[in-house]
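A quick write-up on the structure given underneath.
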Amino acid sequence: MRQFLFVLACCAGLAGPVQAQSNEIETVIGNQFEAFLADDLVTAFTYASPTIRDIFRTPENFGAMVRNGYPMVWRPAKIRYLDLQQREGALWKLVQVTDAQGRAHLLAYQMIKVESAWKINAVQVLELPPPSV
């Protein structure tokens, strides 16, 4: 019983830092959504990781990729932040985005810490689970 209480206390102690981390990550993702909505590609590009910035080179190239490949990110109608998960050593923030046509999309944002700031390193479109009856 004592071991169970110890494990429970350790888990409760970790909840604060994980929640703070999740809040910081949501702020970064939200700021990038706001930048896209304002057509501010320079600012949106600042939230991308160095790897992403190296691949696309310019805010305009990056913006074209998002506009064409992730229209739900370019012009979201509604954003809902879900779980922060660790997969294969990486942190992934799940985000449900409703597009302008009312379709829901589940996205996983891979987040990395660069110096003291969170950056978006990848976005995966996932399948939404079927609606429950």
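The shown structure was predicted, so the numbers you read here are calculated from the model rather than taken from an experiment. Residue numbers count from 1 along this sequence.
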>> Take a 6.0 Å sphere around CZ of Arg87 and say whether it holds more than 12 heavy atoms from other residues, nucleotides or ligands.
In response: yes
> Considering residues, nucleotides and ligands other than Glu127, do more than 12 of their heavy atoms fall under 6.0 Å from its CD?
Replying inline: no
Side-chain touch [X]/[Y], heavy atoms, less than 4.5 angstrom:
X: Ile29; Y: Ile120; result: yes
X: Pro71; Y: Val66; result: no
X: Glu26; Y: Ser22; result: yes
X: Phe36; Y: Arg67; result: no
X: Leu84; Y: Leu91; result: yes
X: Leu107; Y: Leu126; result: no

Considering all heavy atoms of both residues, which atom of [X] and which atom of [Y] are nearest to each other, and what is their separation?
X: Pro59; Y: Phe45; answer: CG-CD2, 3.7 Å
X: Lys93; Y: Leu82; answer: NZ-O, 2.6 Å
X: Val123; Y: Tyr70; answer: O-OH, 3.1 Å
X: Phe62; Y: Ala44; answer: CE2-O, 4.0 Å
X: Gly63; Y: Trp74; answer: O-CZ3, 3.9 Å
X: His105; Y: Arg103; answer: CD2-O, 3.3 Å

Side-chain donor/acceptor pairs under 3.5 Å, residues 109-119, sequence neighbours excluded:
from, atom 1, to, atom 2, distance (Å)
Gln110, OE1, Asn121, ND2, 2.9
Trp118, NE1, Glu24, OE1, 3.0
Lys119, NZ, Thr46, O, 2.6

>> If only side-chain N and O atoms count, and only distance matters, is there a donor-acceptor pair under 3.5 Å linking Thr58 with Asn61?
In response: yes
> Do Tyr81 side-chain atoms and Gln96 backbone N/O form a donor-acceptor pair below 3.5 Å?
Replying inline: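 Answer holds: no.
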>> I'd like to know if the side chain of Asp83 reaches the main chain of Gln85, judged simply by a donor and an acceptor atom lying under 3.5 Å from each other, with no hydrogens or angles considered.
In response: no
> For the atom pair CE (Met72) and CZ (Phe33), what is the distance rounded to the nearest 0.5 Å?
Replying inline: 9.5 Å
> Tell me the side-chain hydrogen bond (donor to acceptor under 3.5 Å, both in side chains) pairs involving residues 32-45, sequence neighbours left out?
Replying inline: Asp39-Arg75, Asp40-Thr43
> Should Leu37 and Leu41 be regarded as members of a common hydrophobic cluster, given that ILVMFWY residues are connected when their side-chain heavy atoms come within less than 4.5 Å of each other, either directly or indirectly?
Replying inline: no
> Step by step, would you call Val125 with Leu106 a side-chain contact (heavy atoms from CB on, under 4.5 Å)?
Replying inline: CA-CA 6 Å; Val125 179; Leu106 182 60; over 6 Å; no
